[in-house]
Structure formats: C-alpha cells, structure tokens
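The sequence lines fix the lettering, A, B, ..., with proteins before strands; numbering per chain opens at 1. Basis for what follows: all heavy atoms, side chains included, without hydrogens, waters or symmetry-related copies.
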There are 2 protein chains.
Amino acid sequence: MPNEPRWLSAREDRAWRAFKHASYQLDVRLSRELLQDSGLTQADYEVLAVLSDPSVERMSAQDLCATLTWEKSRLSHQVRGMQKRGLIAREPNPDDARSVVVRLLPAGRRAIEEAAPAHVEHVRQHFIDLFSPAELDTIATLNERVLRQLADEPSEAER
Amino acid sequence: MPNEPRWLSAREDRAWRAFKHASYQLDVRLSRELLQDSGLTQADYEVLAVLSDPSVERMSAQDLCATLTWEKSRLSHQVRGMQKRGLIAREPNPDDARSVVVRLLPAGRRAIEEAAPAHVEHVRQHFIDLFSPAELDTIATLNERVLRQLADEPSEAER
DNA sequence: CGCTAGTGGTTGACTCCTCAACCATAACAC
DNA sequence: GTGTTATGGTTGAGGAGTCAACCACTAGCG
C-alpha cells in the first residue's frame, strides 16, 4: 500500500484488519452452518426470526424493511422465494391498498423452531462463549458507537 | 423467537446484535463510498492493495487466494474482470506450467493510489477515530480471539 | 374536487459470489 | 516409464442483492 497523508498506524491497522476479518469469517462460517443443518439462508432466518416473535406474527413489508434495515426490492425478492416454499404468505393490507402484509405460516414457524437451537449454539461456540460478561458489554458499547456514528452522519445517497 | 435451551441472555443478545449490525452497516457504507469516489469495488481494492505492496508487485494466483482467504474461482472471475479493465495482467509461471502469475499494471497502481486516501479517510471517520488507542487494542485482541477460534475449529467442509 | 407529489411495492437487468464439473500439469508410487 | 492421485486454474449455472424504472394508490394543495 502506498504511503498517504493520514495512513493507518500499526495499532490502527491491526484493529481494523482484525475487525474486518473476524466479521467476514464469522459470517461465512455461520451462513454455511445454518444452511447445512437447516436449509435456511441467513436472509430466510432473519425474516423468520422477526415474524416468529409472539407479539408480531404479521407485519407490513415496509415495517419489515425498517426492522431488518433492508432495501424494499431485496425484501420483495426474498418474500417471493419464501412464499413459493410455503414459509410465509402475502396478504393485502386493509388499511392501505398499496401495502402488503407478510404473515408467518405454520411451515415457517416449524422451520425456525427447528433451526434456532443449532444456530444459537454455533453463535455461542464461535462468538459469545469466547468472552466474559464484561467483555460482552465492551463489545456492545464499542459497536454501538459505530452504529450511532453511521446513523448520525448519513451517506451521500441519503441526504 | 422461540425459547430454547441455551438461548441468549439480554447481555449476550445485545453484544451479538451490535457486532453483527455494526459490521454489516460499516461494510455497506464503505463499499458504497469506495465505489462512488473511485469506481472500485471492495474486491478490486483488496486485490490492488495486496499487489501494490512494494515488496510484491507480482504474485501467483494461489498465493493471492491464501492472502485474501478467497476461493480460487472467485479470484479467477475477479482477475478476468480486472484484466479486461487493464488494471492487472496474467502471466504464465515459469516454475509451474499450471500456475498463473498476476502482475500489477501502471493503470492498476494509479487506480489504488487515487482511491486509497479517500478510502482510508472513510475508515477513520466511521471506525478508527471513534476509539482511543486502548480501545483499538481491545478491539484487536477480542476479534483476534474470534479468528483464532474459527481457525482452530475448522468447519465440517474442511475436515 | 382535480392535480401533483409522494409512498408502497414489484420487476428486470446486472454484478458478485459459490458450487460443482472439468482440464491440464505435476508429483508420487511401483 | 506408466498409472494414479493431487494441485492450479477456468468455466458455467444459479442464488442473492442492488439499482433504476415502473405501476398503483394515497395525500396534500389549490
């Protein structure tokens, strides 16, 4: 890499590389494990996780987008696939004829209930169980700082 | 989410969500910014970053794969595209007729030298500058623990 | 009302990545 | 040597996500 004005110091570079690498590898590993022992992708799992909350069950597409921080076209494609597999249903929204409500079907509930224990176990194995309670709090605090900064300084495209 | 045997506690859930969310959002933001102000994808940037190291300049495809922890087919597709754009060249390897050596071309060097300052600045803005030196060390240590665990316990597919 | 602007959602084209199949060459066994 | 296995790399099909264009409906303003 070329030398630049505000280049990263060794300490900064180490932190950045470790963070980037760890999150990438973790994502790859968990995706594969989830898919192998449940047939669900991470996207499937996230949608089902939201809808399977007892206080939810049905949710408009826009609210799902907001909850997942997904683009609406992504959700649309995703929902089409999950509908074809019988995991969820699309229903008209009585309050707004433009809107669509997504409902969890029994097969979808079964799918996430079967997938969740193994998935959580993998999250523990590769992440949670490596840290003390105090370290978990540190992780939460530091990462929330990143999220807040991103939210406070919206990207060019959103301004 | 259904109640499961070893479900996550509130503290565990907070750390896991913050980590997952922050790394995802950061990736999305940095990718977009990089593409907008340099025309390079993250994949382009990573390849160029490796090759532009003064001590490198040319590297066999297999070594590139190992350095980037990429699959060989991904590198092959990626290299084809970057070759078409004149950023790098493919050369035969005199030591092994099966092998291919990737060489950085002047246009590739120019591309990363132009892209790097702004990209590093964004990495600082969204990540590095949010933390004290001690916090950066903590981030490095904790994330390296994740990486080590993943490396020590290879996935089903690799065993 | 009637127009216009905004919102909710879908679609299709394109890019990126993975996986499995494949080809050529190299390394090893006998 | 010859046959077998392993390695380096490419290819094509298919899944997943983004973007821009579009349609239908709603809401706000005159």
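The shortest heavy-atom contact between A:Arg85 and A:Gly39 is NH1-O, 4.2 Å.
Between B:Arg90 and D:dT10 there is a side-chain N or O to OP1 or OP2 distance below 4.0 Å. Between B:Gln78 and C:dC17 there is a side-chain polar atom (N or O) within less than 4.0 angstrom of OP1 or OP2.
Evaluation of atom-type donor-acceptor distances gives a pair under 3.5 Å for the side chain of A:His77 against the base of C:dG12.
When rounded to the nearest whole Å, the span between CG of B:Leu68 and P of C:dC17 equals 11 Å. Atom CG in A:Asp27 sits roughly 14 Å away from atom P in D:dA16 (whole-Å rounding). Rounded to an integer number of Å, the gap from A:Arg32 CZ to D:dG15 P is 19 Å. Atoms CD (B:Gln83) and C1' (D:dT11) sit 15 Å apart, rounded to a whole Å. When the C1' atom of D:dA16 is taken as reference, atom CZ of A:Arg80 falls 11 Å away, rounded to whole Å. When rounded to the nearest whole Å, the span between CG of B:Leu64 and C1' of D:dT10 equals 16 Å. Atom CD in A:Glu91 sits roughly 13 Å away from atom P in C:dG9 (whole-Å rounding). The separation between B:Tyr24 atom OH and D:dA16 atom P is 14 Å, rounded to whole Å.
Between B:Leu8 atom CG and B:Arg17 atom CZ the span is 9.0 Å, to the nearest 0.5 Å. How far CG of B:Leu130 is from CD of B:Glu135: 9.5 Å, rounded to the nearest 0.5 Å.
Side chains of A:Glu33 and A:His126: a donor on one and an acceptor on the other come within 3.5 Å.
Taking the side chain as every heavy atom from C-beta outward, A:His21 and B:Leu147 approach each other to under 4.5 Å. Residues B:Met59 and B:Val101 are not in side-chain contact: their nearest non-hydrogen atoms beyond the backbone lie 4.5 Å or more apart.
The aromatic rings of A:Trp16 and A:Phe19 sit parallel to each other, their planes meeting at less than 30°, with 60° as the upper class boundary.
Distance from the side chain of A:Arg74 is smallest to D:dG17 among C:dT18, C:dT10, D:dG17. Taking the side chain of A:Glu71 as heavy atoms from C-beta on, and the options D:dC19, C:dC17, D:dG9, the nearest nucleotide is D:dC19.
Residue-level contact check: A:Ser99 touches the backbone only, with heavy atoms under 4.0 Å from sugar-phosphate atoms and none from bases. Backbone-only contact: A:Asp96 has heavy atoms under 4.0 Å from sugar-phosphate atoms and none from a base.
Heavy-atom distances to DNA chain C give each of A:Leu75 and A:Val28 a nearest nucleotide, and the one nearer the 5′ end belongs to A:Leu75. Both A:Asp95 and A:Thr41 lie near DNA chain D, and the one whose nearest nucleotide falls closer to the 5' end is A:Thr41.
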Where do N or O atoms of nucleotides 3-6 of chain D meet protein N or O atoms at under 3.5 Å, pair by pair?
none

